[in-house]
Amino acid sequence: MTTNDLAARAHALRQQLTRYGHEYYVLDAPSVPDAEYDRLFRELQALENAHPELKTADSPTLRVGGMPLPEFSQITHSVPMLSLGNAFSDMQQDDFSQRHAELVQFDERIRRELAEAPIRYATEPKFDGLAISLLYRAGVLVQAATRGDGISGENVTENIRTIHAIPLKLELAQPPALLEVRGEVLMLKRDFERLNAEQLQRGDKPFANPRNAAAGSLRQLDSRITAQRRLSFYAYAIAQVEGADWPLSHAGEMDWLQQLGFPVVEASLRPVVTGADGLADYYESVLQRRAALPFEIDGVVYKVNSRAQQEELGFVSRAPRWAIAHKFPAEEALTLVEAIEEQVGRTGAITPVARLQPVFVGGVTVTNATLHNEDEVLRKDVRVGDTVIVRRAGDVIPEVVSVVLERRPMRPAAGGDLFSQGEEAQYPAYRLPSHCPVCGSHVVREEGEAIARCSGGLSCKAQRSQAIQHFAGRRMMDIDGLGERYIDKLVEYGYVHGVADLYRLTLDDLLEMKRRADEDEDEGITPETVKAGKVASKWAENLLQAIAASSQPPLARLLFALGIRHVGESTAKTLADWLGALALIRRTPAALFAALPDIGGVVAQSLADFFAEENNEAALDALLHYVAPADEHAPSAKLAERLEPAVLLARLNIPRLTEVRSQQLAAQISGLEQLARMERRQLLLLQLPAEVINALADWLDEAANRSALQQLAELRTEILNSLPQDTVAAHPLFDGKTFVLTGTLPTLSRDQAKALIEAAGGKVAGSVSKKTHFVVAGADAGSKLAKAQELGVAVLDEAALQAMLQQTAGE
DNA sequence: CTCCCTCGAGTTCT
DNA sequence: CTCGAGGGAG
């Protein structure tokens, strides 16, 4: 055969196989026997292997998967994958009338917004699977991504290609230039059961539920494994279309998707209904059919059918206002409280946890449920030995709903006190221990706070171990391979006392620790031990490398990693941006911290306390032997305005000295240094109410206060002198303005645009609110643009932004 | 002083 | 994901 003949044959085979596959997997109506399909498939495979140049992006041979990937790459969604709001309250299984009332409310709200009636709603089941975005260019599947955080997700194209129900190529002579389809990957109940049977046969662990099985299968780096799992897909939305007409209603979208070859849920499960009654009928009917459906669902979804109306309704923060999820009541189960134990968190927070008799609810076996805090336990009056109703709240975290009092071992006497004296003693109400269950330190509950804390600080093993866990976390120092189990052991056996010790660990330490840990848990030495030794040394080498690799973190990550109370990712970034260097941050007094944006009295004091504490100082010094922030810089030029004497005075917590009085005071003195030297009689000359002056004088009479003020003044001068001298004055059009970026800009990346705006004195925020001054929108802008238009916020494109920036040069 | 929003912290299971 | 606390605006 000539090359042309071969190409033609390959093309014909692909067409034939694609058609047969569609008949089999989407239409569920095969027209040829499986053997015939297999024969053609192998012919194409052989042809492509012999002539790799004949391979195409839409070939059915891709369905068997390819080489394992080292990791998934990240993909930014050009249209964010939003989550759906849920306007309905959790309720009992069969509270029909309340459900109806809430639907009427929902429908009324939509009608009010649209000033139109009645409203037509497209409906569909809410699949319990994984949301996926599929991108087709010129009709060929080129990219598939998971939802991730909604903004960016993982590139799972290879795996998605192995799902036969997903077309690799659209059934159109003239496909749209661009089409982005959203839908759900899931595993049918029958495929789930078959997979679990196979898993058991192989001696592998079965999956807890179809959702986990689907997620586990899709997240395989080796797509050949994904190919062996029977995953299904249902499309439910279009995110982008170019080069074709976008249907005018949601139902129209669904019909079009079906024509294009996408599996969509059968028509009787997605009727277009009218008004609250229509929604209620639909809800009840799907609830009835739930068990008989081939896939798992956790509720239904209502969408305003008309796309024009959808646009009119727009978005609120992260969810469309024209689509809403109506979840079925969470499955509940009864179980026994075997014990109530306390966990000690990183900050010392003591959390009571109910240890439950294992019970299968909502797709997983639940054995623990948090009881949050003392008040919560008492409010629900959960006691050891009680039978409780458990459910998985928000679909994830197990929750004790209530106690079944009738089943309490000592039944209360009818009409009388709940318990007689003796019974009360036997089944006592819960009491939070007065001493930490781990280290025995006192448990302290601050006035007005819900949470009680262990006062042991880092001398408490639980807190120390979790402080190290936090330090190693992905968003902090990102030390891979250092899991909870090993950290606990390293602390327990005394290899690690503080975070600095991590950097002193040797290969021998790690292997010894692991050996001891294994001995403690398993019984004795197994024949596997020799083999395990090799695996262990690999693990230990990797870990040492990961630890070494973490020695030059960005300052913000290091600060976050220190685990200072009230200092999370965002506050750490503020500190790094504004103050620039750890050495400066370490000697910054509370008043100066509090002068920074989004840092108030509590956070500022927490910071100052942390760095003043000797143990922390020592630990930090030790750490700095091994770790140096990579991006330290001079304080931000913008700091100057934050260091105004009036601002600092107001943050010193001097009695009676309010914001206004601070300004008046600042105007009358030449600087903080002068104030720090003033005697009472000099203060009396100030133009301020006598009581303010007296309070100020009393405050200054405390030697500690006076020297703190003196030091603050000196530090202020020092910082001002260290500020970059050649700073251009902030751009008047940008200074203090808040910008929000959305969509893809033609030439600038998101980070570049952000840097430009910040350099000009502007602030870049994540979401649009009344306080936003400008929204910079690029291609495929999503909800933020809609929100901006809704709030009447000025919208710029990249060119307009550049033009605004250019005006700096002119001035 | 009172709202509203953002940030921090805690949590379960595979 | 959800709750509570902190920060800042009105």
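Naming: A, B, ... by sequence-line order, numbering from 1 per chain.
- Distance NE2 (A/H470) to P (B/dT11): 15 Å, rounded to an integer number of Å.
- Checking B/dT11, B/dT14, B/dA9 against every side-chain atom of A/A208, the shortest atom distance belongs to B/dT14.
- If you take CE of A/M476 and C1' of B/dG8, they are 11 Å apart, rounded to a whole angstrom.
- When the side-chain nitrogen and oxygen atoms of A/R565 are compared with OP1 and OP2 of B/dG8, none of them lie within a distance under 4.0 Å.
- Of the side-chain N and O atoms in A/T571, one or more sit less than 4.0 angstrom from OP1 or OP2 of B/dG8.
- One finds a salt bridge joining A/R445 and A/D375 here, because a Lys/Arg side-chain nitrogen approaches an Asp/Glu carboxylate oxygen to under 4.0 Å.
- If you take CD1 of A/I564 and C1' of B/dA9, they are 15 Å apart, rounded to a whole angstrom.
- When distances run from any side-chain atom of A/T370 to the nucleotides B/dA9, C/dG6, B/dT12, the shortest one goes to B/dT12.
- Mapping A/V364 and A/A349 onto DNA chain B by nearest heavy atom places A/A349 at the nucleotide closer to the 5' end.
- Within the 4.0 Å cut-off from OP1 or OP2 of B/dT11, at least one side-chain nitrogen or oxygen of A/Q343 is found.
- Taking the six-membered ring where the residue is Trp, the centroids of A/F127 and A/F295 are separated by under 6.0 Å.
- Taking a cutoff of 4.0 Å between a charged side-chain nitrogen and a carboxylate oxygen, A/E193 and A/K189 do not qualify as a salt bridge.
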Donor-acceptor contacts under 3.5 Å from residues 356-367 of chain A side chains, at least two apart:
none

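- In this structure, the CG atom of A/D375 is 10 Å from the P atom of C/dG4, given to the nearest Å.
- The phosphate of B/dC7 has OP1 or OP2 within less than 4.0 Å of a side-chain N or O from A/S570.
- Of all nucleotides listed (B/dT14, B/dG10, C/dG6), C/dG6 comes nearest to the side chain of A/V603.
- A/E484 has its CD atom 13 Å from the P atom of B/dG10, to the nearest Å.
- Crowding of A/R379 atom CZ: a count of heavy atoms from other residues, nucleotides or ligands under 6.0 Å exceeding 12.
- Whole-Å rounding puts the A/E659 CD to B/dC1 P distance at 16 Å.
- For B/dG10, the OP1/OP2 oxygens have a side-chain nitrogen or oxygen of A/T347 closer than 4.0 Å.
- Distances shorter than 4.0 Å separate some side-chain N or O of A/T367 from OP1 or OP2 on B/dC13.
- Atom CZ in A/F360 sits roughly 18 Å away from atom P in B/dT12 (whole-Å rounding).
- Within the structure, a side-chain polar atom (N or O) of A/N368 is placed less than 4.0 Å from OP1 or OP2 of B/dC13.
- A/I599 comes within contact range of the sugar-phosphate backbone alone, with a heavy-atom separation under 4.0 Å but no base atom that close.
- Of all the heavy atoms in A/V400 and A/V382, the pair that sits closest is CG1-CG2, 4.2 Å.
- Computed from coordinates, the A/E399 CD to B/dC13 P distance equals 14 Å when rounded to whole Å.
- Within the 4.0 angstrom heavy-atom criterion, no nucleotide atom of any strand lies near A/G216.
- Taking only side-chain atoms of A/D598, from C-beta outward, the nucleotide of C/dG8, B/dC13, B/dG8 with the closest atom is C/dG8.
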